S.K.: 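One structure is given below, represented as structure tokens, and several questions about it will come after.
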Amino acid sequence: VPVVILIVGPATWVEKFPEARGTRQSPVDIVTSRASSGGSAPPLVWRYSVNHPRSVVNPGYCWRVDENGYDSELRGGPLGSDVYKLQQWHCHWGSVNGEGSEHTVDGRAFSGELHLVHWNTSKYNSFTEAAGQPDGLAVLGVLLMVGSKHDELDKVVRLLPYIQHKGDKVTFSEPLNPANLLPKRIAYWTYPGSLTTPPCTESVTWILFKEPVQVSAEQVRLNLCYYVNGKNV
Ligand SMILES: NS(=O)(=O)c1ccc(NC(=O)NCCO)cc1
Ligand SMILES: [Zn+2]
């Protein structure tokens, strides 16, 4: 019986998205022994607005929270003198607990990974424009591990039952501070990379925090039952 191998994953992305063949593709495995210790980079500084309506969207993979253009700032660290603004944040989960993160650290995967996507407002006029530039985007990556319940993240997780199908969107105005999604210790690895999904554009300065953040097993399960490997189930 002829075996038909349907390749729909990253291996086929290069056909449609030539960027995926590039030299600064993400995600990567962080080999901690090869990371150079932080030079004299200035501190990374962020400020987010808390009391504004946000919408949780089901884009067909994972879930995404749109900041709807409200004000925010990310600057310093590897970002030079440019100021970046939070556009959206989203989560990547795996189908098997402990294998959901995109980045790995010394070959180890985590249960999930949160991405806070910012764009360079000092140089560009829109997210879409910035998304095509080598210094256009900065993404804060937060590794998620199973542990205690994450109260801030729960403000989104509890809404997932209402966006079970691709394109579903629910708006909420409960105050939420994206800064509360970040770990206590803000040590990070940084490298020039790309979007981790098509079009895989090489426009991302990655800033991956070293300290994982804990989410409860129930929160992972809720995410998994809605997004197994990015597919709603
Ligand atoms: N996972 S990731 O690298 O943070 C990422 C962020 C945004 C996108 N795409 C995106 O925002 N597209 C909207 C229009 O450009 C894809 C991947
Ligand atoms: Zn992502």
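Atoms within each ligand, like the ligands themselves, are counted from 1 in listed order. Atoms considered below: every heavy atom in the structure, side chains included; atoms not considered: hydrogens, waters and symmetry mates. What you see is a predicted model, and the numbers here were worked out from it, not measured in a lab. Along the sequence shown, residues carry numbers from 1.
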S.K.: Identify, by atom number and element, the atoms of ligand 1 in contact range of H92, meaning under 4.0 Å from any of its heavy atoms.
M.R.: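 Contacts of ligand 1 toward H92, numbered from 1: 1 (N).
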S.K.: Tell me, do R24 and P134 make a side-chain contact under 4.5 Å, heavy atoms counted?
M.R.: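 In short, these two side chains touch, coming nearer than 4.5 Å.
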S.K.: Which residue supplies the protein heavy atom nearest to atom 1 (N) of ligand 1, what is that atom called, and how far is it?
M.R.: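 Closest protein heavy atom to atom 1 (N) of ligand 1: T196 OG1, 2.8 Å.
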S.K.: Taking the side chain as every heavy atom from C-beta outward, state whether L144 and E113 have any atom pair closer than 4.5 Å.
M.R.: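 Of all side-chain heavy-atom pairs linking E113 with L144, none is under 4.5 Å.
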S.K.: Judged by non-hydrogen atoms, does V204 sit under 4.0 Å from ligand 1?
M.R.: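 Contact absent.
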S.K.: Against heavy atoms of Q88, which atoms of ligand 1 measure under 4.0 Å?
M.R.: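 This gives 7 (C), 11 (O) as the contact atoms.
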S.K.: Which protein non-hydrogen atom lies closest to atom 14 (C) of ligand 1, naming both residue and atom, and how far is it?
M.R.: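 Heavy-atom neighbour on the protein nearest atom 14 (C) of ligand 1: F127 CE2, 4.0 Å.
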S.K.: If you count the atoms of ligand 1 from 1 in the order shown, which ones are under 4.0 Å from a heavy atom of V117?
M.R.: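 Answer, ordered by atom number: 4 (O), 6 (C).
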S.K.: Any idea how W206 and H103 line up, ring-wise: parallel (<30°), tilted (30 to 60°), or perpendicular (>60°)?
M.R.: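 The rings of W206 and H103 stand perpendicular, inter-plane angle above 60°.
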S.K.: Distance-only, no hydrogens or angles: does the E129 side chain make a donor-acceptor pair with backbone N or O of N125 under 3.5 Å?
M.R.: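 Checked: pair present.
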S.K.: Going by heavy atoms, is T128 under 4.0 Å from ligand 1?
M.R.: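 No heavy atom of T128 comes that close to ligand 1.
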S.K.: Checking side chain to side chain contact (heavy atoms under 4.5 Å, CB included) between H118 and each of L140, V139, I207, L137, which is the one that passes?
M.R.: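 The option that passes is L140.
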S.K.: Regarding D66 and W89, is there a side-chain donor-to-acceptor distance under 3.5 Å anywhere?
M.R.: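 Judged by distance alone, the side chains do not pair up.
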S.K.: Please report the interatomic distance NZ(K85) to CD(E73), rounded to the nearest 0.5 Å.
M.R.: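 Going from NZ on K85 over to CD on E73, the span is 10.0 Å.
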S.K.: For the residue pair H52 and Y70, is the inter-centroid distance of their aromatic rings smaller than 6.0 Å?
M.R.: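 Under 6.0 Å, so yes.
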S.K.: Tell me whether ligand 1 is touched by W206 - counting only heavy atoms on the residue side and a distance under 4.0 Å.
M.R.: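 Contact present.
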S.K.: What's the shortest distance from atom 4 (O) of ligand 1 to any protein heavy atom, and which residue and atom give it?
M.R.: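 Answer, as residue, atom name and distance: H90 CE1, 3.2 Å.
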S.K.: Tell me, which protein N/O/S atoms are under 2.8 Å away from the Zn ion (ligand 2)?
M.R.: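 Protein N, O or S atoms closer than 2.8 Å to the Zn ion (ligand 2): H90 NE2, H92 NE2, H115 ND1.
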S.K.: Please write down residue, atom name and distance for the protein heavy atom closest to atom 8 (C) of ligand 1.
M.R.: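 Of every protein heavy atom, L195 CD2, 4.0 Å lies nearest to atom 8 (C) of ligand 1.
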S.K.: Between L116 and P178, is there a side-chain heavy-atom distance shorter than 4.5 Å?
M.R.: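 They are in contact (side-chain heavy atoms under 4.5 Å apart), so the answer is yes.
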S.K.: Are a donor atom and an acceptor atom from the side chains of E67 and Q87 found within less than 3.5 Å of each other?
M.R.: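 Result is no, nothing qualifies.
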S.K.: For R21, look at atom CZ and say whether over 12 heavy atoms of other residues, nucleotides or ligands are found less than 6.0 Å away.
M.R.: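 Atom CZ in R21 is not crowded, with 12 or fewer foreign heavy atoms closer than 6.0 Å.
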S.K.: Would you check if E174 and K155 make a side-chain contact, meaning some heavy-atom pair closer than 4.5 Å?
M.R.: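 Yes, close enough: below the 4.5 Å cut-off.
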S.K.: Against ligand 1, does Q87 come closer than 4.0 Å with any heavy atom?
M.R.: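 Heavy atoms of Q87 never come under 4.0 Å of ligand 1.
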S.K.: Which heavy atom of the protein is the closest neighbour of atom 17 (C) of ligand 1, given with residue, atom name and distance?
M.R.: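 Checked against all protein heavy atoms, atom 17 (C) of ligand 1 sits closest to T197 OG1, 3.3 Å.
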